[in-house]
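Report on the following structure.
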Amino acid sequence: MNKKIAKLCVVMALTFLLASCSTLRYFNLIPTVNVTSLKMSSLDLDGMNFTLSYRVDNPYPVDLTLAELDLDVLYFDDLLLKVDSVDPFEIRAQRTSKHTLNFKIPYDKILSFTKSVRGKTMVNCTLNGAAYIDYSSYASFMNKIDSKLPILYTFSVPIMKPSFSVSNFKFTPPSLMNLNAGISFDLSVTENASAAWECEIKNCSLKDGDNNLIALKTDGNATISSSNKSVRVTAELNPVSAAGFIAKLIKKEGSNPVFVADSEFVFINSSYNYAVPLSYSKEIPLTEFVSAN
């Protein structure tokens with residue numbers, strides 16, 4: 001009952017004081033949606049993941065419901081993808097509500113639309129759409145208020161598509177001079193693009209097929225860039241703790257190991273000049289590990 005009375009009071013007050021939606025806007029009594037930030041949250045081998053942060057301001061003395069968020073990601077007039085959220089949420093009376101929305105832009109989409117672009121490392125895209133307020137539970141006067149809250153936001157997107165590869169495998173069996181075995185291989189990153197970037201390998205390991213982790217380290221510099229596109233990855237294998245894996249490498253029999261790497265990309269001289277995580281994994285056939293002379 002109290003909630004119904006509150007709704008009736010706010011409708012009567014607005015009817016008495018304000019004659020039209022334009023008057024409401026003049027007195028800043030229309031809910032608004034504002035983008036507060038858009039960050040690249042992570043990368044994967046398919047695309048760039050973004051997190052959109054936005055706030056909704058409700059100036060009314062009653063709670064409202066944001067029913068839907070409907071956005072297009074555009075490159076000029078071309079649609080890259082649609083970003084929709086249909087999970088309604090409540091905006092408390094005379095409060096600001098903060099929210100996030102995640103979406104992914106596939107590398108191939110960017111590359112297909114920008115294949116004729118020359119000399120650019122980034123392109124501008126636009127978020128264009130609206131949020132919709134549900135006034136259906138209020139009196140007819142409130143229903144005349146435009147439920148559409150426009151959203152327009154421009155952001156930059158790197159022109160790139162990273163590709164990881166592993167190659168040049170070596171296996172050094174145990175010997176009388178050195179009881180430890182050793183493995184090494186090259187980890188490379190290439191990109192089909194023009195964006196300036198650096199990739200730092202943070203952690204890498206091998207899962208030997210028996211759920212055992214073998215820690216790997218980079219031989220020297222752990223940063224890969226357009227001028228240094230690979231690093232050498234190495235590991236010493238203890239003849240006791242890694243006896244089973246060493247036997248697999250010698251016999252070339254058993255389940256294949258899986259290489260796992262956690263990296264961080266930085267897009268130099270851009271708004272994404274911060275660490276953006278990317279994880280990579282690859283099964284490596286045992287036969288790839290050639291015994292060193």
Side-chain angles (χ1 to χ4, degrees), residues 40-49 107 160-193 195-268 273-293:
M40 188 184 297
S41 54
S42 66
L43 302 171
D44 56 39
L45 298 181
D46 298 318
M48 295 167 272
N49 300 298
Y107 302 121
M160 66 95 69
K161 180 181 181 179
S163 176
F164 284 74
S165 62
V166 285
S167 60
N168 196 19
F169 300 91
K170 298 295 181 184
F171 167 56
T172 304
S175 66
L176 293 177
M177 300 296 295
N178 185 359
L179 295 180
N180 289 331
I183 55 173
S184 64
F185 53 91
D186 291 333
L187 170 63
S188 303
V189 181
T190 57
E191 93 292 346
N192 178 17
W197 57 272
E198 288 185 349
C199 172
E200 183 177 359
I201 308 302
K202 305 298 291 185
N203 297 293
C204 52
S205 59
L206 273 180
K207 295 180 180 179
D208 69 359
D210 296 317
N211 295 322
N212 297 316
L213 280 179
I214 298 169
L216 301 169
K217 62 180 182 180
T218 55
D219 188 6
N221 189 7
T223 300
I224 303 174
S225 66
S226 55
S227 59
N228 177 34
K229 294 189 175 182
S230 67
V231 294
R232 191 72 178 165
V233 177
T234 65
E236 281 196 351
L237 305 177
N238 184 281
V240 177
S241 60
F245 185 50
I246 293 172
K248 287 182 181 181
L249 290 170
I250 293 173
K251 297 177 181 180
K252 302 294 188 287
E253 295 177 353
S255 54
N256 294 323
V258 175
F259 172 65
V260 179
D262 295 323
S263 67
E264 291 181 346
F265 270 75
V266 174
F267 295 94
I268 304 165
N273 192 21
Y274 53 82
V276 181
L278 188 156
S279 296
Y280 168 76
S281 64
K282 173 73 173 178
E283 181 177 333
I284 303 174
L286 290 169
T287 52
E288 292 284 348
F289 288 93
V290 179
S291 297
N293 293 331

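Residue indices begin at 1 and follow the sequence shown.
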How close do [X] and [Y] get, heavy atom to heavy atom, and via which atoms?
{"X": "Leu187", "Y": "Tyr280", "result": "CD1-CE2, 4.4 Å"}
{"X": "Pro257", "Y": "Phe289", "result": "CG-CE1, 4.2 Å"}
{"X": "Ala235", "Y": "Ala215", "result": "CB-O, 3.5 Å"}
{"X": "Ser255", "Y": "Lys248", "result": "OG-NZ, 3.1 Å"}
{"X": "Asn168", "Y": "Arg232", "result": "O-NH1, 2.8 Å"}
{"X": "Asn238", "Y": "Asn180", "result": "CA-OD1, 3.7 Å"}

Candidate pair Phe245 and Leu286, rule side-chain contact (heavy atoms from CB on, under 4.5 Å), full reasoning: CA-CA 10 Å; Phe245 185 50; Leu286 290 169; 4.3 Å; yes
Start with the C-alpha distance between Leu216 and Phe185, add both sets of side-chain angles, then the distance that settles side-chain contact (heavy atoms from CB on, under 4.5 Å), and finish with yes or no. CA-CA 10 Å; Leu216 301 169; Phe185 53 91; 3.9 Å; yes
Would you sort out whether Tyr107 and Leu43 count as a side-chain contact (heavy atoms from CB on, under 4.5 Å), showing the intermediate values? CA-CA 10 Å; Tyr107 302 121; Leu43 302 171; 3.6 Å; yes
Kindly determine whether Leu213 and Lys207 satisfy side-chain contact (heavy atoms from CB on, under 4.5 Å), including the steps that lead there. CA-CA 5 Å; Leu213 280 179; Lys207 295 180 180 179; 3.5 Å; yes
Any non-hydrogen side-chain atom of [X] less than 4.5 Å from a side-chain atom of [Y]?
{"X": "Lys229", "Y": "Ser188", "result": "no"}
{"X": "Leu237", "Y": "Leu249", "result": "yes"}
{"X": "Leu206", "Y": "Ile183", "result": "yes"}
{"X": "Val266", "Y": "Glu200", "result": "no"}
{"X": "Asn221", "Y": "Val231", "result": "no"}

Using side-chain hydrogen bond (donor to acceptor under 3.5 Å, both in side chains) as the criterion, point out the one residue from Asp44, Asn203, Asp262 that pairs with Ser279. Asp262
Quick check for you: to the nearest 0.5 Å, what is the distance between [X] atom [atom1] and [Y] atom [atom2]?
{"X": "Lys161", "Y": "Asp46", "atom1": "NZ", "atom2": "CG", "value": "8.0 Å"}
{"X": "Leu45", "Y": "Ser281", "atom1": "CG", "atom2": "OG", "value": "8.0 Å"}
{"X": "Thr190", "Y": "Met160", "atom1": "OG1", "atom2": "CE", "value": "10.0 Å"}
{"X": "Phe169", "Y": "Ser184", "atom1": "CZ", "atom2": "OG", "value": "10.0 Å"}
{"X": "Glu264", "Y": "Lys202", "atom1": "CD", "atom2": "NZ", "value": "4.5 Å"}
{"X": "Phe171", "Y": "Ile250", "atom1": "CZ", "atom2": "CD1", "value": "4.5 Å"}

Identify, with sequence neighbours excluded, every residue that meets side-chain contact (heavy atoms from CB on, under 4.5 Å) alongside Lys217. Thr234
Taking NZ in Lys282 as the centre, count heavy atoms belonging to other residues, nucleotides or ligands within less than 6.0 Å. Is the count above 12? no
When you compare the side chains of Ser41 and Asn49, does any donor N or O come within less than 3.5 Å of an acceptor on the partner? no
Does Pro277 offer a backbone N or O that forms a donor-acceptor pair with the side chain of Ser42 under 3.5 Å? no
Parallel, tilted or perpendicular: rings of Phe265 and Phe164 (30°, 60°): perpendicular
